[in-house]
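Following: one structure in structure tokens, then a few remarks.
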Number of protein chains: 2
Amino acid sequence: MKRITLRELAQALNMSISTVSRALSDHPDISESTKEKVREASALYNYKPNLRARYLRTKSSGLVALILPEYNMFFIPTLMQSISEVVNKHNYSLLVFQSDDSFEKELDIIDYCNQISVDGILLSLSNGFNKDEDLKELSSDNAPIVLLDKVLPNLKMSCVSVEGDEISQRAVSYLRKKGHKHIGGVFADPGISISQNRLKGFTEAIEDYGDLQGYVLSLENVNETDRELTRFLKEFPEITALYVMSDEIAMRVYHCLNKLNVKIPDEVSVISISDGSLPRLLHPNITHFYHSAAEIGKRAAETLFHVLKSKSAEIENISIECQLVELDSVKDLK
Amino acid sequence: MKRITLRELAQALNMSISTVSRALSDHPDISESTKEKVREASALYNYKPNLRARYLRTKSSGLVALILPEYNMFFIPTLMQSISEVVNKHNYSLLVFQSDDSFEKELDIIDYCNQISVDGILLSLSNGFNKDEDLKELSSDNAPIVLLDKVLPNLKMSCVSVEGDEISQRAVSYLRKKGHKHIGGVFADPGISISQNRLKGFTEAIEDYGDLQGYVLSLENVNETDRELTRFLKEFPEITALYVMSDEIAMRVYHCLNKLNVKIPDEVSVISISDGSLPRLLHPNITHFYHSAAEIGKRAAETLFHVLKSKSAEIENISIECQLVELDSVKDLK
DNA sequence: TTATCAACCGCAAACGATTCCGCAAACGAT
DNA sequence: ATCGTTTGCGGAATCGTTTGCGGTTGATAA
């Protein structure tokens, strides 16, 4: 059926455009009888307002952008799912962009977002990001930005992420309680702040306890996990437990251990950080610290809408807590 | 920096709005010297056209919507990645929506998309979908729709998907060549057309050969793979090979076999259909028919832009071919 | 009767761009 | 000198809404 405009609807009703407009938005100036007529005709002709035109008047585009470094399989789908729900609930639409982990591209995208006048931006920072000034400048006088997942807390923006270095400490503490003394930590690219944090927490925890021995494997490229981990385990055969900082790596660690025919958890225990799906898909199920991607997305989106609705420029810094989920990949040595 | 409008820019330049507009769009009516001045000022004041306003005149919103039943981890990220690239290359932006596999919601979303006047829609059909009429009606006089992945070819729309039942035949043929006589097929919800196709191809292939024995496991809910498959294998211990129709299921099949301590491929061989990442992440690496999610996304998006640019209403029906990738999960019994 | 005041509705100006016309100056040709 | 044509630019309508403001009714009070 052809879309009808407000003007045409008004003509059909023999009323003025403004009356029809007000009737549809339930304005008190309009009598109930008129409203009823308008509503009827509107339904009859299947009138739907042109939202783009409305946005031109009201200065609100109804668009929220999500900018991601990349689309990875473990985290992003759940994240998007939850963000999408919140965004649609508020009658906004979700735009997605990928920065390919390039800072330049990130700035371009943000600029473009402002050009198409999005109302708000959800941003997961690229690895290449460093110059805070640029971003701060961009945010002024433009669409508000909320950082999520990959954040830099010293920026003057709201951000939502999982808890930082404490989680590594909790992992080390847990493994120690289970009797593990020689613990390997497997981390992603040390260029990313999240790797840095978790690595830092790990080494600090090891040192604090005094009776532990820590070993660090930093993977510049996760695709080389197989080779690097094989070398690592050969070099340090005394390792009885691995602390793995992400699903992406955990998947590859399992692959490697299976290939090497190393029994989990009998020969090597594994503990990871995950949003919960992968640990139950691999055998044996991985004991992990559960952090909900859905929760991060939801909170970030809600924070953004809080800003959009209330116009409050108050900066929130939300940290999502992790929760230990004990499954089958850690052996009790005691 | 504050955003400036065309009017303000024109005032600053002491020219008319129309001149400035034309100069920026390189209209032949405008002299080179004027154009130069306008470009300079435009750069100086950082003028960016308001795309919403432009839309109202030109009727092109620069928005393309992608409607998905759900965000699954194996297929969607790659799909989105490729779609996103094509869309951005054309200077459009990508909106995403999820239909939660509900037909009602799907229609609502399509309607909403037309309301916010997207220029085109990429649609992966929900399972619940059946009434072709409704969709056909919707497509008339509105944004063009291209179906992808989950398609219904009899609809009067362009669609892009992986090849249908032939792939099951190729799989059966391959397993037979390797000496397997008792072959189990593991399929998802028979309500989905893609499951139906692959199941149909499978049973037909088995029958055609005559010397094979086929066994079918249809999973209403993939989360019950563990229980169902355990029962299945106990019931038919003669099965030497499993044909698995998706990554989602393959992952769970591996989990189950590992749990049952069944050796792959020595005791049971596995062949699957996949876009290639999972098979290399599980051990032993899964022999599979490679179908590129990226390819599907790319072709679908390109098809859509073909329609958008050329206004040709010609219907294309693109089928992506699969390619056998022999890895380590199928044993040669001969 | 007339002033007052709701209640109800329409006019017209935005929003920020594009684009159809028309108009003046310049120019070459007759 | 006159006429047509090109060149370069401005005026104003337009896209489909929202909304401030003013105007018309009819009822009520003075």
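Heavy atoms only: backbone and side chains are in, while hydrogens, waters and symmetry mates are out. A, B, ... follow the sequence lines: proteins, then strands. Residue 1 opens every chain.
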Practice task
May I ask you to test the B/His291-B/Ile296 pair for a side-chain heavy-atom distance under 4.5 Å?
Solution key: yes

Handout entry: Atom-pair distance (NZ on B/Lys59; P on C/dT18), nearest Å
Key = 15 Å

Please produce a list of atom pairs where a protein N or O lies less than 3.5 Å from an N or O of nucleotides 22-25 of chain D.
none

Handout entry: Side-chain donor or acceptor of A/Thr58 paired with backbone N/O of A/Arg54 under 3.5 Å
Key = yes

Practice task
Look at the side-chain N and O atoms of B/Thr34 and state whether any lies under 4.0 Å from the OP1 or OP2 oxygen of D/dG8.
Solution key: no

Practice task
Take atom CD of B/Gln11 and atom P of D/dG10, then tell me their distance rounded to the nearest Å.
Solution key: 13 Å

Problem - Stepwise side chain to side chain contact (heavy atoms under 4.5 Å, CB included) test for A/Asn50 and A/Thr5 - result: CA-CA 8 Å; A/Asn50 180 321; A/Thr5 72; over 6 Å; no

Handout entry: Those residues of residues 49-57 of chain A lying under 4.0 Å from DNA chain D by at least one heavy atom
Key = A/Pro49, A/Asn50, A/Ala53, A/Arg54, A/Arg57

Problem - Rounded distance (Å) that lies between atom P of D/dT18 and atom CG of A/Leu9 - result: 12 Å

Fill in the blank from the handout: Whole-Å distance, A/Lys37 NZ to C/dC9 C1', equals 12 Å

Problem - Set of side chain to side chain donor-acceptor pair (under 3.5 Å) partners for A/Lys298, sequence neighbours left out - result: none

Problem - Heavy-atom side-chain proximity of B/Leu304 to B/Leu122 below 4.5 angstrom - result: yes

Handout entry: Sidechain-backbone polar pair: B/Asn91 side chain, B/Gly62 backbone, donor-acceptor under 3.5 Å
Key = no

Practice task
Whole angstrom is fine here: how far is it from CD in A/Glu32 over to P in C/dC9?
Solution key: 11 Å

Practice task
Report yes or no: do B/Ser126 and B/Glu106 form a side-chain donor-acceptor pair below 3.5 Å?
Solution key: yes

Handout entry: Side-chain touch A/Asp111/A/Leu107, heavy atoms, less than 4.5 angstrom
Key = no

Problem - Interatomic distance where CZ belongs to B/Arg7 and C1' belongs to C/dA13 [whole Å] - result: 11 Å

Exercise for the section: Would you indicate whether A/Arg299, at its atom CZ, is surrounded by more than 12 heavy atoms from other residues, nucleotides or ligands within a distance under 6.0 Å? Expected result: no

Handout entry: Ranges pairing with ranges for DNA chain C, where each run has three or more Watson-Crick or G-U pairs under 3.5 Å
Key = C:1-30 with D:1-30

Fill in the blank from the handout: Rounded to the nearest 0.5 angstrom, the OG-CD1 distance for B/Ser18 and B/Ile30 is 7.5 Å

Fill in the blank from the handout: Residue pair B/Pro28/A/Tyr47 against DNA chain D: nearer the 5' end by closest nucleotide is B/Pro28

Problem - Length of the CD1-C1' vector between B/Ile30 and C/dT18, whole Å - result: 13 Å

Exercise for the section: Describe, in one word, how the ring planes of A/Tyr92 and A/Phe305 are oriented to each other, choosing from parallel (under 30°), tilted (30 to 60°) and perpendicular (over 60°). Expected result: perpendicular

Handout entry: Heavy-atom check, side chain of B/Arg52 versus side chain of A/Leu63, under 4.5 Å
Key = yes

Handout entry: Value in whole Å for how far the P atom of D/dG10 lies from CG of B/Leu6
Key = 12 Å

Practice task
Would you check if B/Leu24 and B/Tyr47 make a side-chain contact, meaning some heavy-atom pair closer than 4.5 Å?
Solution key: yes

Fill in the blank from the handout: Quick note, salt bridge (Lys or Arg N to Asp or Glu O under 4.0 Å) partners involving residues 29-46 of chain A, not counting sequence neighbours, are A/Asp26-A/Lys35, A/Glu32-A/Arg39, A/Glu36-A/Arg39

Practice task
For B/Lys35, answer base if it contacts any base atom (sugar-phosphate contacts may also be present), sugar-phosphate if it contacts only those atoms, and nothing otherwise; contact means non-hydrogen atoms under 4.0 Å.
Solution key: nothing

Problem - Interface residues of residues 14-27 of chain A with DNA chain C (non-hydrogen, below 4.0 angstrom) - result: A/Met15, A/Ser16, A/Ser18, A/Thr19, A/Arg22

